[in-house]
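We use all heavy atoms of the structure for the numbers below, so side chains are in, but hydrogens, waters and symmetry mates are not.
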Number of protein chains: 2
Amino acid sequence: MAPQPTDLLQGTLDVLILKSLAWGPRHGYGIAKWLEDTTDDTLVIEEGSLYPALYRMERKGWIEAEWGMSELGRKAKFYALTAAGRSRLREEIAAWRRFSVAVAKVLGADGRG
Amino acid sequence: MAPQPTDLLQGTLDVLILKSLAWGPRHGYGIAKWLEDTTDDTLVIEEGSLYPALYRMERKGWIEAEWGMSELGRKAKFYALTAAGRSRLREEIAAWRRFSVAVAKVLGADGRG
DNA sequence: GGTAATTACCTAGATCGTCAAGGTATACGG
DNA sequence: CCGTATACCTTGACGATCTAGGTAATTACC
């Protein structure tokens, strides 16, 4: 277990997926690869986490799926943000900011109080 | 549900608790209050999350408990970091840094690649 | 004197996201 | 022809958190 992907992903996967679709549709495999590339493999998305998350988000109306062909000529299911998904993305980014600022306050606190 | 405490706490509670003990023992109630105060109620620690977390961490040898008296003269169980807990705290802070940097990369990415 | 709020602890049960580990199928490179 | 990469999916278990209860002592208020 070399890069030890932490449990920190919990609750954050959605916003990462939504963000990966912000500039256009991607297929599932491409979402995972993009996230891994963008974070230099700090974030590794297991397929057993990815696909259930995609279904969940599709049920909630944040993304829409359509079958198509990948860049390499293979059958692939492309996901696109809906209007609701775009608005949800904004909310989740704001929530992440609030949260990470709060954690930073704790980790940088001096122990008084 | 006014301030909507997110699910983002997942996987982060341990490091927050460990950090709250970095300058000396606190009792459970005090840990929760300190975290809420320090983050202006952005992070709200439910007691049903807190006490199980404390037991878990005690079992793992990161913290030690001792009964004593609170500042207000009530019976209270004080938790203190062990050497293992201190080292664990350092690791978890480093993991959090890696993780939040990675998320920032994703949320700040320009969509290329 | 009664009662609400605060302090301080604890637990059982349910929920829900993630992971581990399996599976299918096609295409490409050696 | 066999391994690797691409691309999808599912089942089952795990485990952390939350909900919603409970106890008990003290303080504040009316």
Side-chain angles (χ1 to χ4, degrees), chain A residues 1-18 20 25-37 41 43-60 62-63 65-79 92 95 99, chain B residues 1 3-18 20 25-37 43-60 62-63 65-79 92 95 99:
Chain A
M1 49 177 86
Q4 47 180 3
T6 58
D7 302 320
L8 293 167
L9 205 55
Q10 296 261 151
T12 313
L13 186 54
D14 286 7
V15 72
L16 296 173
I17 292 176
L18 288 172
S20 76
R26 285 182 205 270
H27 52 79
Y29 194 81
I31 292 172
K33 280 278 171 287
W34 181 75
L35 287 174
E36 288 166 14
D37 288 350
D41 288 332
L43 303 183
V44 175
I45 314 301
E46 304 296 331
E47 302 198 354
S49 309
L50 176 66
Y51 291 110
L54 289 171
Y55 293 140
R56 206 164 55 229
M57 295 167 72
E58 194 179 1
R59 268 203 318 276
K60 290 180 179 170
W62 301 344
I63 58 178
E66 196 181 352
W67 283 98
M69 277 293 168
S70 78
E71 319 77 53
L72 298 173
R74 289 163 195 235
K75 192 163 62 84
K77 199 192 259 184
F78 283 81
Y79 292 90
E92 293 217 7
F99 177 72
Chain B
M1 51 177 85
Q4 47 180 359
T6 58
D7 303 320
L8 292 167
L9 205 56
Q10 295 264 149
T12 313
L13 186 55
D14 286 7
V15 73
L16 296 173
I17 292 176
L18 289 172
S20 77
R26 284 183 206 268
H27 52 79
Y29 194 81
I31 293 172
K33 279 279 169 288
W34 181 75
L35 287 173
E36 289 166 15
D37 288 351
L43 303 183
V44 175
I45 313 302
E46 303 297 332
E47 302 197 355
S49 309
L50 175 67
Y51 292 109
L54 288 172
Y55 292 140
R56 207 164 53 230
M57 295 167 73
E58 195 179 0
R59 266 203 320 275
K60 289 179 178 171
W62 302 343
I63 58 179
E66 194 179 354
W67 283 98
M69 278 292 166
S70 78
E71 319 76 52
L72 298 172
R74 288 162 197 236
K75 191 165 64 87
K77 200 193 257 184
F78 283 81
Y79 292 89
E92 293 216 9
F99 178 72

Check Pro52(B) against Gly48(B) and note the closest heavy-atom contact, atom names and distance.
CG-O, 3.1 Å
Smallest heavy-atom separation, Leu54(A) atom then Gly28(A) atom, equals CD1-CA, 4.0 Å
Can you list the residues that meet the side-chain hydrogen bond (donor to acceptor under 3.5 Å, both in side chains) rule with Arg56(A), with sequence neighbours excluded?
Asp14(A)
Starting at atom CG of Leu54(A), determine the distance to atom P of dA7(D), rounded to an integer number of angstrom.
14 Å
Enumerate the protein-to-nucleotides 4-6 of chain D contacts in which both atoms are nitrogen or oxygen and the separation is below 3.5 Å.
{"residue": "dT6(D)", "atom": "OP2", "partner": "Tyr29(A)", "partner atom": "OH", "Å": "3.0"}
{"residue": "dT6(D)", "atom": "O2", "partner": "Arg74(A)", "partner atom": "NH1", "Å": "2.6"}

Polar atom pairs between nucleotides 11-14 of chain C and protein, under 3.5 Å, N or O only, would you list them?
none

Considering all heavy atoms of both residues, which atom of Ile31(B) and which atom of Arg26(B) are nearest to each other, and what is their separation?
CG1-CB, 3.8 Å
Whole-Å distance between dC10(C) P and Arg56(B) CZ?
15 Å
Separation of atom NZ in Lys77(A) from atom C1' in dA25(C), rounded to whole Å
16 Å
Over how many whole Å does the gap from Ile31(B) atom CD1 to dT7(C) atom C1' extend?
15 Å
Of the listed dC8(D), dC10(C), dA8(C), the closest approach to the Glu71(B) side chain comes from dA8(C)
Could you tell me the separation between the CE atom of Met57(B) and the CG atom of Leu13(B), rounded to the nearest 0.5 Å?
7.5 Å
Rounded to whole Å, please give me the gap between CD in Glu36(A) and C1' in dA7(D).
14 Å
Nearest heavy-atom approach of Glu36(B) to Ile45(B) is OE2-N, 3.4 Å
What's the CD-P distance between Glu58(A) and dC9(D), to the nearest Å?
9 Å
Residues two or more places apart in sequence or in another chain: which of them pass side-chain contact (heavy atoms from CB on, under 4.5 Å) with Lys75(B)?
Trp67(B)
It should be established whether Lys75(B) places a side-chain nitrogen or oxygen under 4.0 Å from OP1 or OP2 of nucleotide dT7(C).
no
With sequence neighbours excluded, what pairs up with Phe78(B) under the ring-ring contact (aromatic ring centres under 6.0 Å, His included) test?
His27(B)
Nearest-angstrom distance from the residue atom CZ of Arg26(B) to C1' of dC9(C):
18 Å
Please report, rounded to the nearest Å, how far the P atom of dC18(D) is from the CG atom of Leu43(B).
11 Å
State which residues pass side-chain contact (heavy atoms from CB on, under 4.5 Å) with Glu47(A); sequence neighbours excluded, sorted by chain then number.
Tyr29(A), Tyr51(A)
